[in-house]
Amino acid sequence: MTVNSRPARPVMLGQNQYGKAENRVVKITRDGATHHIKDLNVSVALSGDMDEVHLSGSNANVLPTDTTKNTVYAFAKEHGIESAEQFGIHLARHFVTSQEPIKTARIRIEEYAWERIATSDANSKFIGADEVKHSFVRQGQETRVTQITYDGESWEVVSGLKDLVVMNSTNSEFWGYVKDKYTTLPEAYDRILATQVSARWRFNWTDDEQKAPNWEKSYEQVKKHMLQAFAETYSLSLQQTLYQMGSRIIENRGEIDEVRFSLPNKHHFLVDLEPFGLKNDNEVYFAADRPYGLIEATILRDGCEPKIPVDLTNL
């Protein structure tokens, strides 16, 4: 070792990625007078041979994030938006196969649903209101989400939803729990059960040789089974309901191997009306927004390994 040599710095670069987040793209498909809407929020994250841009500032391997934004809009025209999943697959494949330094692409998409506005009859004095097929109202039930990851060889597709608020006004109990000196909660034998569902499910489609699922039908069916399980389960705990929701999906949808739920318990407490000389017979409640119980779990197909992250806040 020469006198002037310096020891290596005790620093190394870890995982890194870059891209353009939250590209809002609305695609109108005009089928004559009948129009169709796809409304997406698309985030692109790319990783690969990107050490030098961090270590020396060299942009030689960097596709500008502005280019990734432009690609999202161009692909909406070139490929259309059949589904959020299929659109994400087109994007991920393009970035990995067209840019040698890029080894992995992750596409995250939120989809906002619209439904047609019901119009008046043909006697309307307006523009033939019974034939209007271009007016929509945004649905407020939930936001659909998907994440597509591609490394040039295999795919991982994790879809789901968030902000789906559901309630059972009866057929729910909560009793027999552990009690200690700090326990004040009374046992409940007829309570409101409400939650705001955040769910992710992982498809077992992983390569182009497999037949891809019908993404739109799959989402509709998963949501149907989830809601039916919530409605049809006589619940002794939110955990029991969660397990039934996930089980119903796994049992009925062969394209899905794993489901993860994050369910905040939206507590409803009976209001004490006795000071006013009134009896509250499970009729008047106070809806508390916080603090809340948070119930989370993963339901798996037998023999499958969990891959959905435990923490859904960044998915």
Side-chain angles (χ1 to χ4, degrees), residues 110-113 115 137-145 158-179 182-201 219-253 256 258-274 276 278-299 308-315:
E110 294 183 348
E111 179 175 349
Y112 313 115
E115 62 184 1
V137 58
R138 179 139 148 206
Q139 290 181 348
Q141 282 194 343
E142 83 272 3
T143 299
R144 178 175 170 178
V145 297
V158 177
S159 294
L161 55 81
K162 62 181 181 178
D163 301 330
L164 179 66
V165 181
V166 293
M167 174 191 287
N168 283 331
S169 57
T170 189
N171 285 1
S172 176
E173 305 178 15
F174 187 58
W175 53 271
Y177 43 81
V178 174
K179 301 177 182 67
Y182 302 112
T183 302
T184 59
L185 183 72
E187 293 187 334
Y189 296 88
D190 185 7
R191 68 168 183 168
I192 286 177
L193 181 69
T195 186
Q196 182 170 309
V197 180
S198 180
R200 303 292 186 275
W201 48 89
Y219 180 83
E220 294 171 2
Q221 291 294 308
V222 168
K223 181 181 173 183
K224 180 192 76 172
H225 290 300
M226 182 191 308
L227 291 178
Q228 287 178 347
F230 179 83
E232 295 170 6
T233 300
Y234 190 103
S235 180
L236 299 177
S237 66
L238 183 52
Q239 287 92 330
Q240 178 193 18
T241 297
L242 179 156
Y243 183 77
Q244 291 301 318
M245 292 164 69
S247 297
R248 190 81 67 96
I249 294 169
I250 296 295
E251 290 167 357
N252 287 278
R253 302 308 306 174
I256 293 169
E258 177 184 7
V259 185
R260 182 160 181 84
F261 288 104
S262 180
L263 303 183
N265 197 332
K266 298 180 75 67
H267 299 296
H268 290 70
F269 299 109
L270 279 170
V271 177
D272 182 8
L273 300 178
E274 290 188 4
F276 319 121
L278 301 172
K279 181 180 179 182
N280 191 354
D281 189 16
N282 290 338
E283 296 170 287
V284 180
Y285 296 83
F286 165 66
D289 62 347
R290 62 192 56 144
Y292 52 84
L294 183 60
I295 312 302
E296 299 176 303
T298 299
I299 314 300
I308 299 175
V310 168
D311 188 354
L312 292 180
T313 56
N314 194 36
L315 180 57

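The model shown is predicted, which means the values in this text are computed figures rather than measured ones. Each residue takes its place number in the sequence, starting with 1.
Under the salt bridge (Lys or Arg N to Asp or Glu O under 4.0 Å) criterion, Glu296 pairs with no residue at all, not counting sequence neighbours. Listed by chain and residue number, Arg200 satisfy the side chain to side chain donor-acceptor pair (under 3.5 Å) test with Ser198 (two or more places apart in sequence, or in another chain). The salt bridge (Lys or Arg N to Asp or Glu O under 4.0 Å) test applied to Glu232 returns Arg248, not counting sequence neighbours. Legend: residues meeting side-chain contact (heavy atoms from CB on, under 4.5 Å) with Tyr292, ordered by chain and number and at least two apart, are Pro264, His267, Arg290, Leu294. Taking the ring pair (Phe, Tyr, Trp, His ring centres under 6.0 Å) definition, one finds that Tyr189 meets it with Trp175, sequence neighbours left out. Among residues two or more places apart in sequence or in another chain, the side-chain contact (heavy atoms from CB on, under 4.5 Å) test is passed with Thr170 by Asp190. Remark: Thr233 engages no residue in a side chain to side chain donor-acceptor pair (under 3.5 Å) (not counting sequence neighbours). Take Ser235 and apply the side-chain contact (heavy atoms from CB on, under 4.5 Å) test, not counting sequence neighbours, and it matches Ser172, Leu193, Gln240, Thr241. Arg144 is linked by a salt bridge (Lys or Arg N to Asp or Glu O under 4.0 Å) to Glu85, Glu111, Glu216, counting only residues two or more places apart in sequence or in another chain. Take Lys279 and apply the side chain to side chain donor-acceptor pair (under 3.5 Å) test, not counting sequence neighbours, and it matches no residue. In terms of the side-chain contact (heavy atoms from CB on, under 4.5 Å) criterion, residue partners of Leu273 (sequence neighbours excluded) are, by chain and number, Val271, Phe276, Leu278, Asn280, Val284. Taking the salt bridge (Lys or Arg N to Asp or Glu O under 4.0 Å) definition, one finds that Lys266 meets it with nothing, sequence neighbours left out.
Separating the OG1 atom in Thr298 from the CD atom in Glu258 is a distance of 5.5 Å, to the nearest 0.5 Å. The distance from atom CD of Glu142 to atom NZ of Lys162, rounded to the nearest 0.5 Å, is 11.5 Å. To the nearest 0.5 angstrom, Ser237 atom OG is 12.5 Å from Tyr243 atom OH. Rounded to the nearest 0.5 angstrom, Ile256 CD1 and Gln221 CD are separated by 10.0 Å. The CD atom of Gln239 sits 4.0 Å away from the CD1 atom of Ile295 when rounded to the nearest 0.5 Å. The CG atom of Asn265 sits 5.0 Å away from atom CG of Leu238, with the distance rounded to the nearest 0.5 Å.
Closest approach of Ala297 and Leu242 over heavy atoms only: CB-CD2, 3.6 Å. For the residue pair Phe269 and Ala288, the shortest heavy atom distance occurs at CE1-CB, 3.8 Å. Scanning all heavy atoms of the two residues, the minimum distance from Met245 to Phe230 falls at CG-N, 4.0 Å. When all heavy atoms of Leu161 and Val145 are compared, the pair lying nearest together is N-CG2, 3.7 Å.
Counting heavy atoms from C-beta outward, Phe261 and Thr195 have side chains that stay 4.5 Å or more apart. Under the 4.5 Å side-chain criterion, counting only non-hydrogen atoms from C-beta, Trp201 is in contact with Tyr219.
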* Let me see the working for Arg191 and Leu270 under side-chain contact (heavy atoms from CB on, under 4.5 Å), right down to the final yes or no. => CA-CA 9 Å; Arg191 68 168 183 168; Leu270 279 170; over 6 Å; no

* List the steps, then state whether side-chain hydrogen bond (donor to acceptor under 3.5 Å, both in side chains) holds for Tyr177 with Glu187. => CA-CA 8 Å; Tyr177 43 81; Glu187 293 187 334; 5.2 Å; no

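The 12-atom threshold is not exceeded at CD of Glu274, counting heavy atoms of other residues, nucleotides or ligands nearer than 6.0 Å.
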